[in-house]
Amino acid sequence: MNVFYNLNGVGDVLLLQLTSEKIEKVVTESKGDVTLIKNANTNEVLAINIFEFSKYADIQENGNITLTEEFVAKLEQALESNEVDYKLNVDLSPKFVVGYVESLEQHPNADKLKVCQVNIGGSTLQIVCGAPNVDAGQKVVVAKVGAVMPSGMVIKDAELRGVASSGMLCSARELDLPNAPEVKGILILDEQSEIGSSFFQ
């Protein structure tokens with residue numbers, strides 16, 4: 001689940017994106033300040049808009065909102081007060097973590113792509129990467145599925161030239177870090193970085 005708020009650009013409405021899939025036909029259902037956007041065929045809730053959200057919580061952030069247990073409780077309270085019977089399924093684990101490239105091999109269908117096996121602590125992700133400097137034995141920044149990049153792009157499970165990829169290895173520029181180098185390539189972390197820990201503390 002991704003949550004967005006932009007008072008000046010959109011107005012006093014909180015946007016909850018529950019799926020990254022594109023659905024052709026949707027229907028809406030409104031109750032009080034809440035509008036549910038549903039798949040017209042399955043009735044599955046795809047997104048929720050909460051209008052006049054400043055009544056329910058004070059938001060200082062702009063853009064993608066960092067989720068906490070306290071903020072999720074306010075979301076659930078807003079739904080409940082508008083008699084919306086929907087249980088939020090929220091993953092509060094960090095979306096940008098330190099990963100370790102355990103191995104990589106050449107992509108079978110693309111010269112400039114590598115298929116990497118990346119340990120993120122507790123699990124290993126297969127990530128297709130086109131960075132020229134990626135190599136086995138590196139500690140890197142992994143944007144997990146569901147992460148929202150500073151550019152606004154949402155990371156999704158993908159298939160690149162026929163090979164599954166779950167996540168992205170990030171460059172300093174993609175992370176919008178100050179003084180990021182212009183050269184292409186992922187950000188390589190020092191040895192002291194703890195695998196699986198959140199990159200943004």
Side-chain angles (χ1 to χ4, degrees), residues 1-6 15-22 60-69 71-72 88-201:
M1 182 176 87
N2 292 305
V3 180
F4 304 92
Y5 185 81
N6 186 332
L15 310 173
L16 284 76
Q17 179 189 39
L18 305 176
T19 178
S20 55
E21 292 178 41
K22 283 191 82 173
Q60 301 302 322
E61 292 179 81
N62 200 33
N64 186 52
I65 304 301
T66 305
L67 291 178
T68 62
E69 286 185 22
F71 190 75
V72 171
L88 295 172
N89 182 17
V90 184
D91 177 10
L92 293 175
S93 65
K95 294 295 181 284
F96 293 90
V97 298
V98 176
Y100 178 75
V101 183
E102 293 184 327
S103 64
L104 81 168
E105 57 187 35
Q106 184 63 47
H107 191 294
N109 303 315
D111 291 342
K112 293 185 178 180
L113 297 178
K114 300 285 193 300
V115 182
C116 308
Q117 303 302 321
V118 186
N119 180 352
I120 59 166
S123 64
T124 300
L125 302 176
Q126 178 170 288
I127 299 176
V128 177
C129 179
N133 65 331
V134 65
D135 206 350
Q138 293 170 336
K139 288 186 176 177
V140 295
V141 181
V142 177
K144 294 160 57 180
V145 170
V148 180
M149 301 300 293
S151 65
M153 179 177 72
V154 179
I155 302 300
K156 308 173 186 176
D157 278 315
E159 201 171 276
L160 299 174
R161 298 278 186 98
V163 175
S165 182
S166 296
M168 184 171 112
L169 305 186
C170 304
S171 70
R173 195 164 45 164
E174 288 164 334
L175 293 168
D176 201 22
L177 299 180
N179 304 314
E182 289 298 315
V183 293
K184 286 186 176 181
I186 55 169
L187 177 63
I188 299 169
L189 304 175
D190 60 43
E191 280 300 311
Q192 283 68 44
S193 300
E194 184 182 345
I195 297 169
S197 65
S198 175
F199 177 69
F200 294 111
Q201 299 295 342

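N133 has its side chain out of reach of V183: every pair of non-hydrogen atoms, C-beta onward, lies at least 4.5 Å apart. Looking at F71 and T66, their side chains never come closer than 4.5 Å, going by heavy atoms from C-beta outward. The closest side-chain heavy-atom distance from L189 to V141 is below 4.5 Å. Contact annotation: the side chain of V142 approaches that of L169 to within less than 4.5 Å [non-hydrogen atoms, C-beta and beyond]. For the pair Q126 and Q117, the minimum side-chain heavy-atom distance is below 4.5 Å.
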Report, one line per pair, each donor and acceptor closer than 3.5 Å where one atom sits in a side chain of residues 148-159; sequence neighbours left out.
{"residue": "S151", "atom": "OG", "partner": "M153", "partner atom": "N", "Å": "3.4"}
{"residue": "K156", "atom": "NZ", "partner": "S20", "partner atom": "O", "Å": "3.3"}
{"residue": "D157", "atom": "OD1", "partner": "S166", "partner atom": "OG", "Å": "2.7"}

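Between the CG atom of L113 and the CG atom of L104 there is a distance of 11.5 Å, given to the nearest 0.5 Å. Rounding to the nearest 0.5 Å places CD of Q138 at 8.5 Å from SG of C116. The structure places CG of L177 at 5.0 Å from CZ of F199, a figure rounded to the nearest 0.5 Å. From I186, atom CD1 reaches atom CE of M168 across 10.5 Å, with rounding to the nearest 0.5 Å. Here the CD1-OG distance, from I188 to S171, works out to 11.5 Å after rounding to the nearest 0.5 Å. The CG atom of N2 sits 9.5 Å away from the CG atom of L16 when rounded to the nearest 0.5 Å.
Other residues, nucleotides and ligands place no more than 12 heavy atoms under 6.0 Å from the CG atom of D111.
Applying the side-chain contact (heavy atoms from CB on, under 4.5 Å) rule to I195 yields the partners Y100, N119, K139; only residues at least two apart in sequence or on another chain are considered. Annotation: side-chain contact (heavy atoms from CB on, under 4.5 Å) contacts of T19 (sequence neighbours excluded): E21, L46. With sequence neighbours left out, L160 forms a side-chain contact (heavy atoms from CB on, under 4.5 Å) with V128, S165.
Not a single donor-acceptor pair under 3.5 Å links the side chain of R161 to the backbone N or O of A110.
Listed by first then second residue, pairs satisfying side chain to side chain donor-acceptor pair (under 3.5 Å) with a partner in residues 179-194 read R173-E182, D190-S193, not counting sequence neighbours. Applying the salt bridge (Lys or Arg N to Asp or Glu O under 4.0 Å) test to pairs two or more places apart or on separate chains, those with a residue in residues 95-109 are D91-K95.
The minimum heavy-atom distance between I120 and G99, with the atom names listed, is CG2-CA, 4.3 Å. Considering every non-hydrogen atom in both G185 and A131, the closest pair reads CA-CB, 4.2 Å.
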Start with the C-alpha distance between H107 and K114, add both sets of side-chain angles, then the distance that settles side chain to side chain contact (heavy atoms under 4.5 Å, CB included), and finish with yes or no.
CA-CA 5 Å; H107 191 294; K114 300 285 193 300; over 6 Å; no

